Amino acid sequence: MKIYNTMTRKKDDFIPITEGEINMYACGPTVYNYFHIGNARPFLFFDVVRRYFKYLGYKVSYVQNITDIDDKIIEQAIKEKTNFNEIAERYTKAFFDDLKLLNINYADFNPKATEYISEMIDLINTLVVKGNAYESNGDVYFSVESIPNYGKLSGKNLNELQAGARIEANTQKKNPADFTLWKKAKDGEPSWDSPWGAGRPGWHTECVVMSRKILGQTFDIHGGGVDLIFPHHENELAQAYALDGEPLANYWMHNGFLNVDGNKMSKSLNNFFTTRDIMKDYDPEVIRFFFLSKHYRSPIDFNEEIIIESKKALANFYSAFSSIDIINILDQDIDIYEFNEAVQAFKEAMNDDFNTAKALAVMFDLVKEIKSKQNSLKKQQAAALTLYELGQVLGFFVDLEDRLTNSVDQHAEKLIELMINYRLEAKQEKNYAFSDRIRHDLSEIGIELQDTPQGTIWKIKE
RNA sequence: GGCGACAUCGCCAAGUGGUAAGGCAAGGGUCUGCAAAAUCCUCAUCCCCGGUUCAAAUCCGGGUGUCGCCUCCA
């Protein structure tokens, strides 16, 4: 298995620290709002990473933090004239609700920053004692010059950083690139006591404390969006290195950004979408397909057309399932060994730095096998079960039965059948004007009739 | 200004040395009273120029274009 490692800038062979076990950490949300569609990408992608490792038989420990104290949360609280706790709690709940809708399995651990304040203070204190951090007027900064190789992950060097004029001049800092470990509280801000006075921890410390506490000194995979490489992950790395010279993680994975109609998503461009809002209009599984149809490291463009395309493409899987009546064979003991080759192709794709786009192509090949009349029923069924198995690895096909059945109440069903019979009578009398009117009118209210050799069937239109 | 990524059919998107996966759309056939659905078939030489090689979308150099990071940000 190969994973692209931001640290080495190439695909590295993946070797877990402990054979058969994987410890991974992905940066979670700052809970000050509903998460947007761009945020959904890493959440969803690392869900797939974890599912795939489990499919391969690894024991996976997955940690995703929740940043529940931060400037943005405080800002939002002020705006709503409430306290930061209430904001954090509200959007933490929303976060979990939305994950559930997206069929993203919760992490094994979701530590919150506010639950680890004393550990963070300990860590900062250790860094101060070791000479890697210094207090200045109630703030504590990490000294980037105190360790060698600062900037290794992001490919930056300190001279260039200093040359960049965009780092605000902060006279408190010894080096403009030094970052905040502890932030002195202003009047009225939430705060915790510390050896440096009342304040709150800087963002870059929580991940170090929580990941090491739960997963150990060095863990296997640390992930997040590309924008986190610098400064966030660089700064995490620096702290861990300063503590004991050990790397924080062996593999650094970063997903590419999402653009909207070719532009960066921003509130000012009026192209800002929360995942929650999009899920009102589109099946969450369509969103999953959309993301997985492109390699995770590439930038991806979000727009309405592409979502509709994803929706149509995804529908092929269900159409294939429907044609084979998969619900009735799910618990049958059907040998799917015949499609072992497809499974291998799927794994090969996934083993190559999680090439989900290629993996989806393997799934579409199975759709062909399911529908091919050259194949025996048994072979079609085996292909369907293989498709089902692979799809689940990517997080598809939840509530399969519900999706494949028309859900209307019994009276409505009888009414529809009644209409179908009336139409049939009209057809037999060659009163096509009337039969077409019935079909048309039913279609108008969302019920689609299809004449098949087996008779007329009906479907609820999307 | 510094660092980096990308450029493949109308659209989306795999493919990193051996002669272009897949999806959407489109065109054509079958089926149908007509539809729909289904089904079968068709559909690219890889931004430009130069180089390396028996062989390049794939490697190297030079262009052009798009994007990201350098500041809170998935």
Side-chain angles (χ1 to χ4, degrees), chain A residues 6 9 11 26-30 32 35-46 70-72 75 151 154-157 159-168 176-177 203 223-232 234 254-259 262-266 275 289-290 292-301 303 305-317 319-320 322-323 345 349 352 355-368 371-374 426-428 430-433 435-436 439-440 443 448-453 456-459 461:
Chain A
T6 305
R9 286 158 199 273
K11 288 182 194 172
C27 289
T30 298
Y32 71 106
F35 65 83
H36 61 63
I37 187 68
N39 293 318
R41 192 176 197 189
F43 300 162
L44 205 148
F45 173 66
F46 288 105
D70 161 278
D71 290 1
K72 288 194 295 273
E75 243 171 64
S154 52
K156 301 183 185 309
N157 68 58
N159 295 331
E160 282 165 4
L161 281 172
Q162 287 172 342
R166 303 179 70 178
I167 292 172
E168 73 181 270
W203 179 41
V226 275
D227 55 321
L228 295 186
I229 296 173
F230 188 89
H232 185 52
E234 192 72 71
H254 295 97
N255 63 273
F257 249 55
L258 172 138
N259 293 318
N263 299 304
K264 188 167 175 173
M265 179 161 52
S266 76
T275 307
F289 186 96
F290 158 71
L292 298 185
S293 65
K294 188 155 184 180
H295 187 89
Y296 75 92
R297 278 190 285 118
S298 304
I300 194 167
D301 196 56
N303 57 63
E305 295 82 75
I306 199 71
I307 289 294
I308 290 169
E309 255 187 38
S310 299
K311 181 175 166 178
K312 287 179 180 168
L314 180 68
N316 284 329
F317 295 143
S319 153
S322 195
S323 73
D352 183 15
N355 192 334
T356 52
K358 204 172 182 180
L360 285 173
V362 173
M363 290 171 63
F364 280 110
D365 288 340
L366 285 169
V367 168
K368 278 197 189 122
K371 294 190 170 181
S372 169
K373 292 185 174 131
Q374 312 290 329
K427 276 174 69 177
Q428 279 161 354
K430 300 218 188 287
N431 185 355
Y432 294 122
S435 68
D436 286 352
R439 182 172 65 195
H440 175 264
S443 171
E448 195 166 76
L449 300 189
Q450 292 168 9
D451 294 333
T452 74
T456 303
I457 60 167
W458 61 274
K459 281 183 180 164
K461 281 204 291 193

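Throughout, protein chains are lettered first and strands after them, A, B, ... in sequence-line order, and every chain is numbered starting at 1. Computed from a predicted model, the values in this text were never measured in an experiment.
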How would you label the contact of A/A313 with the nucleic acid (heavy atoms, under 4.0 Å): base, sugar-phosphate, or nothing? sugar-phosphate
Hey, what's the ring geometry for A/F364 with A/F289, parallel, tilted or perpendicular (30° and 60° as the breaks)? perpendicular
If I pick the P atom on B/G50 and the same atom on B/A56, what distance separates them, to the nearest angstrom? 14 Å
Output yes when at least one side-chain N/O atom of A/K427 is less than 4.0 Å from OP1 or OP2 of B/G33, else no. no
Determine: side-chain N/O of A/K264 to OP1/OP2 of B/C69, distance under 4.0 Å, yes or no. yes
Considering only heavy side-chain atoms of A/K156, the closest of B/C69, B/C34, B/A14 is B/C69
Distance in Å, A/I307 CD1 paired with A/I37 CD1, rounded so as to fall on 0.5 Å steps: 6.5 Å
Counter-base of B/G33, judged by Watson-Crick or G-U geometry with both distances under 3.5 Å: none
Smallest heavy-atom separation, A/E234 atom then A/S154 atom, equals OE1-OG, 2.5 Å
Distance between the P atoms of B/U16 and B/C60, in whole angstroms? 14 Å
Roughly how many Å is it from CG in A/N259 to P in B/A74, rounded to a whole number? 15 Å
Has A/F257 got its ring stacked on B/A74, by the test of a centre gap below 5.5 Å and a plane angle below 30°? yes
Please give the distance between the C1' atoms of B/G22 and B/C31 as a whole number of Å. 27 Å
Whole-Å distance between B/A21 P and A/K358 NZ? 12 Å
Under 4.0 Å, heavy atoms only, any strand: does A/Y432 hit a base, just the sugar-phosphate, or nothing? base
Sugar-phosphate, base or nothing in reach of A/S323, heavy atoms under 4.0 Å: nothing
Short question: side chain of A/T275, backbone of A/H36 - any donor-acceptor pair under 3.5 Å? yes
Closest to the A/Q450 side chain: B/A36, B/G23, B/G22? B/A36
Distance, rounded to the nearest Å, where A/H254 contributes NE2 and B/G4 contributes P: 17 Å
For B/A74, is there a stacking contact with A/F35, counting only centres under 5.5 Å and planes under 30°? no
Decide yes or no, distance alone: a donor-acceptor N/O pair under 3.5 angstrom between the base of B/C34 and the side-chain of A/R439. yes
With heavy atoms under 4.0 Å as the rule, sort A/L228 into base, sugar-phosphate or nothing. sugar-phosphate
A/K371 side chain: which of B/U39, B/G15, B/A37 is closest? B/U39
How is A/I308 classified with respect to the nucleic acid when contacts are heavy atoms under 4.0 Å: base, sugar-phosphate, or nothing? nothing
Quickly work out the A/N39 CG to B/C72 P distance and round it to whole Å. 17 Å
Nearest heavy atom decides the nucleotide; on that basis, is A/K11 or A/E309 closer to the 5' end of RNA chain B? A/K11
Atom CG of A/D301 and atom P of B/C11 are separated, to the nearest Å, by 13 Å
To the nearest angstrom, how far is A/N263 atom CG from B/G68 atom P? 8 Å
Rounded interatomic separation in angstrom, taking CE from A/M265 and P from B/C72: 19 Å
Separation of A/I300 atom CD1 from B/A74 atom P, in whole Å? 18 Å
Could you measure between the two P atoms, the one in B/G10 and the one in B/A26, and give it in whole Å? 15 Å
What does A/D436 touch in the nucleic acid at a heavy-atom separation under 4.0 angstrom: a base, only the sugar-phosphate, or nothing? base
Base, sugar-phosphate, or nothing: which does A/H36 touch, judged by heavy atoms less than 4.0 Å apart? base
Heavy atoms only, 4.0 Å cut-off, all strands: where does A/I229 land among base, sugar-phosphate and nothing? nothing
Need one value for A/G38: base, sugar-phosphate or nothing, where a base atom within 4.0 Å counts as base even if backbone is also close, heavy atoms only. base
Pairwise P distance for B/C24 and B/U64, with rounding to whole Å: 39 Å
The side chain of A/F230 is closest to which nucleotide in this list: B/C69, B/G33, B/C24? B/C69
Distance check, P atoms only: B/G23 and B/A38, in whole angstrom units. 14 Å
When you measure from the side chain of A/S322 to the backbone N and O of A/S319, does any donor-acceptor pair fall under 3.5 Å? no
Taking atom C1' in both B/U66 and B/G17, what distance in whole Å separates the two? 27 Å
Minimum heavy-atom distance A/D301-A/I306, with the two atoms named: O-CG2, 3.8 Å
Starting the side chain at C-beta, find the nucleotide from B/A74, B/A25, B/A14 nearest to A/K312. B/A25
Close side-chain approach of A/Y32 and A/E75, heavy atoms under 4.5 Å: no
Taking NZ, NE, NH1 and NH2 as the nitrogens, is one of them in A/K358 or A/D352 under 4.0 Å from a carboxylate oxygen of the other? no
base_contact_polar (B/G23 base, A/N316 side chain, donor-acceptor, <3.5 Å): no
Do any side-chain nitrogens or oxygens of A/K430 fall under 4.0 Å of OP1 or OP2 in B/G33? no
Earlier contact from the 5' end, RNA chain B, for A/K72 and A/D451: A/D451
